[in-house]
Amino acid sequence: MKNLLSSLSSETQDSRRQFVVGAVSVSSGLAIGLELPWGLSPLAAAPSKAVIEPVLPTSVKSDQSEIGAWVVIEPDDRVLVRVVRSEMGQGTITGLAQLVAEELECDWSKVHVEYPSPGESLRRKDVWGSFSTGGSRGIRNSEDYVRRGGAVARKMLIQAAANQWGVPTTECFARKSLVTHRPSGRSASFGSLAPQAAKLPVPDAKAIALKDPKDWAIIGKPMNRLDSFEDKVTGAQIYAIDLKLPGMLTATIRQCPVFGGTVKSFDAAAVSGMPGVKKVVQVDNHSVAVVADTYWHAKKAVDKLPIIWNEGPNAKVQQSDIVKTLEEGLASNQSFVGLKKGDPHNAMKTSKKIIEASYFYPFLNHAPLEPMNATAVWASSSCKAWVPTQDGQASLAAVIEASGLPAAQCDVVKVNLGGGFGRRGAFQDFTTQAVLIAKQMPGTPIKLIWSREEDMTQGRYHPIMMAKMKASFNEKKELTGIQMRLSGQSILAAVRPAIVEKNKGMDPLVFQGVAKDGEHAISYDFPNVVIDHAMRNTHVPPGFWRGVNVNQNAIFMECFVDEMAEITGMDPLAFRRKYSANRPRTLAVLNAVADRLNWAFKPKAGIFRGIAQQYSFGSYVAAGCELSVVDGNKIKIHRIVAATDPGYAVNPAQIERQISGSFVYGLSALFEQECTVKDGRVAQTNFDSFGSIRLAQMPPVETIILQGGGSSWGGVGEPTIAVAAPAVLNAFYRATGRRLRTVPLKNLGVTLV
């Protein structure tokens, strides 16, 4: 076990610190290396249906041929497409394989996927680019270079065939895993040509023209997913928590329940004699772990382990203290301005009417079904970890840092994720802990598994936020100005402080959906508007929760848009159309939803409608709902219509699934979910206090996919989450005359039935 990793190339001489810093930059999306040298063989993915061996090959198998960096072809024409973005249920690996296969011109029925490792990519000078899977970037930030990877492989296969036949390449073409010579009709399979193609020089990927979208045969089609549905249904799918290695032990951890607290002392002798216990270790200054033969034995022991904590001053913090701090921010004279247009102050001063509204959005936990876990083996000469990660490079950086070893002696195997939602990307605390524990038991594979309670109380939470909205109107009841004050946490101040420093203390991410420009720009052309942020950070660590800041900003803006429309006497849809008249793609998604709902005509008695729209992650989305309300507080959502324009739709079937899943996530947050603080710690410890909507409560979702054309590649997994809540809230007002401005609705006595 000590010789877990084969010797690595001396070509990679990066220091630990250099790589850790570089990986952080890549995972943040700030420095993605796209100068890709299209070179040689990676590490294959771990098999999904067997005990996973601790040693990975460092080259392709003898009966395989690597054609460029992205494609491996076997003699039977099986095509293995390398995918570095993570699969966590969203269909990314299928979409990326479609992009490669389109340019490769292979037979889709023969396509399979494998994960290279970040260590192998590092050794090959970042040949596969960014591994980060978050921010709805999986497809859109890699579409160009992965398509070029397929095009490179196609060109090499055609060249091999032309060489074999002694003909010009211009007389040959590839289709359905065959290269054909037009004049003679001769054909050769990819499998037969691959050994010769693999020996050819790799052409310049940037010089190859990509296919015109009108000629696509695989991109844009609802292809079946490459990750096995059957395995997931039967339980055969191996997730990281299922991993088994020879001689493996299992650990579980207990961390100080108050963020910022530390370990004062613990009594290992009190549990060392319990069944299966192998060792009790201090992991770092705020956590202790028990290592045992099984998870159950480890958990029973850690539950009984006497630990005394130095909880520190944060133990005095209550939820009410945090809310009070945010309320103070709403009235503060100091703020960071994200958007300013015209003179909103004068508009307020000279107005005939002003309306105000305050909103609240809570902390939220990611709560993936699979709790945090990672497996690691450490030896004096090598360290490897098996991680359910959204960013293999960030995981590798954590392994390098925790192991104390050079980058060339470390690697990470990416294992299937049982949910991510942003928790397993930038935050690699669980990976670091697994390595620190393994380091205290050299040569032994250690699988660290967090309990559900640990997962709930040691998260990286959706930031808590309040907003105060103001709008002014003239004597004709026309809108003259808007002020939007945000008060709450900054994710980047905690996670990417260099970005905040570069922006002179401002977190630009706070303004997602209401920003001045970019992929999260505001969707309306309002007169005289200012949107600012009073930063009020707490001791509770914030994180990138699926959809991030668009979730609350869409509620604040889209619900207030309905309030403004009411003052003007305009229909909510007509008001939105007026202030997005010069934004054709915004209008398109709004109109698509309105047409499907038959908005121009009244719904049947007892049914009420709401609508909302948003531009975020480079995509235009809108949603409308029809609902009824019983007893003033019991909501039944009868249907949801959702329109999405992501530019190019790679797999329409998967987009539909992602949109439906987005509404489950968004509606669960609206009705059920919040995390609160009591005595400095998160009070919600399991799913009994952090709920989700049930299948019977989930309305049917009707998806409309628009393609805005141009060169646009927008995200899919996150944008539609944001419009779920405001569409429902706006419909609820029309049903009851009651404005709901605090989330979750369960705190207001409003339930989903």
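What's counted below: heavy atoms across the whole structure, side chains too, no hydrogens, waters or symmetry copies.
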query: Does the Asn163 side chain pair with the main chain of Ala160, one donor and one acceptor, at a distance under 3.5 Å?
result: no
statement: Output for pair (Ile446 CD1, Thr375 OG1), nearest 0.5 Å, gives 9.0 Å
- request: Would you check, one step at a time, whether the test side chain to side chain contact (heavy atoms under 4.5 Å, CB included) holds for Arg82 with Val71?
  value: CA-CA 6 Å; Arg82 269 76 176 264; Val71 176; over 6 Å; no
field: Atom pair CZ/OG of Arg123 and Ser117 - distance to nearest 0.5 Å
entry: 5.5 Å
- request: Answer yes or no: is there a side-chain heavy-atom contact under 4.5 Å between Val377 and Thr444?
  value: no
message: Below 30° counts as parallel, above 60° as perpendicular, anything between as tilted: where do the rings of Trp216 and Tyr648 land?
response: perpendicular
message: Can a donor-acceptor pair be found, under 3.5 Å and without considering hydrogens, that links the side chain of Glu74 to the backbone of Asp63?
response: no
- line: Between Phe663 and Ala642 the two heavy atoms that sit nearest each other are CE1-CB, 3.6 Å
message: With side chain to side chain contact (heavy atoms under 4.5 Å, CB included) as the criterion, how do Arg148 and Glu103 come out once you've worked through the C-alpha distance, each side chain's angles and the decisive distance to 0.1 Å?
response: CA-CA 7 Å; Arg148 293 188 186 280; Glu103 294 294 338; over 6 Å; no
task: Hey, could you give me the CG/CG distance between Leu99 and Asp144, rounded to the nearest 0.5 Å?
output: 10.0 Å
- prompt: Just by distance, do the side chain of Trp713 and the backbone of Arg137 share a donor-acceptor pair under 3.5 Å?
  reply: no
task: Give a yes or no on whether the backbone of Ser132 and the side-chain of Arg85 come within a donor-acceptor separation of less than 3.5 Å.
output: yes
- request: Assert yes or no for the condition that the ring centre distance of Phe421 to Phe544 is strictly below 6.0 Å.
  value: no
- request: Answer yes or no: are there more than 12 heavy-atom neighbours, outside Lys221 itself, under 6.0 Å from its atom NZ?
  value: yes
- request: Apply the side-chain contact (heavy atoms from CB on, under 4.5 Å) test between Phe190 and each candidate in Asp107, Leu104, Leu178; give the one that qualifies.
  value: Leu104
query: Can you find a pair of side-chain heavy atoms, one from His112 and one from Val81, that are under 4.5 Å apart?
result: no
query: Side chains of Thr94 and Leu96: does their closest heavy-atom pair fall under 4.5 Å?
result: no
query: Do the side chain of Asp645 and the main chain of Tyr620 share a donor and acceptor less than 3.5 angstrom apart?
result: no
task: Output the distance between atom NZ (Lys384) and atom CD (Gln409), rounded to the nearest 0.5 Å.
output: 13.5 Å
field: Residue pair Arg452 / Pro371: nearest heavy atoms and the distance that separates them
entry: NH2-CD, 3.8 Å
- line: On a heavy-atom basis, the closest approach of Val83 and Pro116 is O-CD, 3.3 Å
- prompt: Would you say the side chain of Ile659 lies within less than 4.5 Å of the side chain of Thr644, judging by non-hydrogen atoms?
  reply: yes
message: To check you understand the geometry: which heavy-atom pair defines the closest contact between Ile705 and Pro652, and what is its length?
response: CD1-O, 3.6 Å
- prompt: Is the closest side-chain heavy-atom distance between Gln428 and Glu401 below 4.5 Å?
  reply: no
task: State whether the side chain of Thr169 and the backbone N or O of Gln159 hold a donor-acceptor pair below 3.5 Å, judged by distance alone.
output: no
message: Minimum heavy-atom separation for Pro445 and Gly247, please, with both atom names.
response: CD-O, 3.8 Å
- prompt: Which of parallel (below 30°), tilted (30 to 60°) and perpendicular (above 60°) describes Trp545 and His366?
  reply: tilted
field: Ionic contact status for Asp76 with Arg78, cut-off 4.0 Å
entry: no
- request: Take Leu417 and Thr389 through the side chain to side chain contact (heavy atoms under 4.5 Å, CB included) test and state the conclusion after the steps.
  value: CA-CA 7 Å; Leu417 290 71; Thr389 179; 5.7 Å; no
Ring geometry between His181 and Trp165 (parallel below 30°, tilted from 30 to 60°, perpendicular above 60°): tilted
field: Side chain to side chain, Ser130 and Gln393, heavy atoms closer than 4.5 Å
entry: yes
field: Polar side-chain atom of Arg424 near backbone of Val387 as donor-acceptor pair, under 3.5 Å
entry: no
task: Would you confirm whether Ser403, through its side chain, and Ile400, through its main-chain N or O, come within 3.5 Å as a donor-acceptor pair?
output: yes
message: Could you check whether any side-chain heavy atom of Asn416 comes within less than 4.5 Å of a side-chain heavy atom of Tyr115, counting everything from C-beta outward?
response: yes
- request: Dump the intermediate steps for side chain to side chain contact (heavy atoms under 4.5 Å, CB included) on Gln90 and Thr133, then the final yes or no.
  value: CA-CA 10 Å; Gln90 80 281 40; Thr133 313; 3.5 Å; yes
Pair Arg154 + Glu102, salt bridge at N-O below 4.0 Å: no
query: Does Arg546 make a cation-pi contact with Tyr665 (under 6.0 Å, within 45 degrees of the axis)?
result: yes
query: Could you give the distance from CD1 (Ile655) to CD1 (Ile704), rounded to the nearest 0.5 Å?
result: 13.5 Å
query: Is the number of heavy atoms from other residues, nucleotides or ligands within 6.0 Å of NZ (Lys447) greater than 12?
result: yes
- request: Please answer whether the main-chain N or O of Gly91 pairs with a side-chain N or O of Glu87 as donor and acceptor at a distance below 3.5 Å.
  value: yes
query: Are Ser187 and Thr180 close enough that a side-chain donor and a side-chain acceptor fall under 3.5 Å?
result: yes
field: Trace of the salt bridge (Lys or Arg N to Asp or Glu O under 4.0 Å) decision for Arg225 with Asp227
entry: CA-CA 6 Å; Arg225 289 178 59 150; Asp227 49 330; 2.6 Å; yes
- prompt: Side chains of Asn651 and Gln98: does their closest heavy-atom pair fall under 4.5 Å?
  reply: yes
- line: Interatomic distance, OG@Ser177 vs CH2@Trp108, rounded to 0.5 Å, equals 11.5 Å
- request: Measure across Ser616 and Val550 and return the closest heavy-atom pair with its distance rounded to 0.1 Å.
  value: CB-CG2, 3.7 Å
- prompt: Is the closest basic N to carboxylate O distance between Glu105 and Lys155 below 4.0 Å?
  reply: no
message: The test is side-chain hydrogen bond (donor to acceptor under 3.5 Å, both in side chains); show your working for Glu120 and Trp128 and say whether it passes.
response: CA-CA 9 Å; Glu120 182 70 6; Trp128 290 290; over 6 Å; no
- prompt: Under a 4.0 Å N-O cut-off, is there an ion pair linking Asp455 with Arg423?
  reply: no
task: Give a yes or no answer on whether the side chain of Asp231 reaches the backbone of Ala236 with a donor-acceptor pair at less than 3.5 Å.
output: no
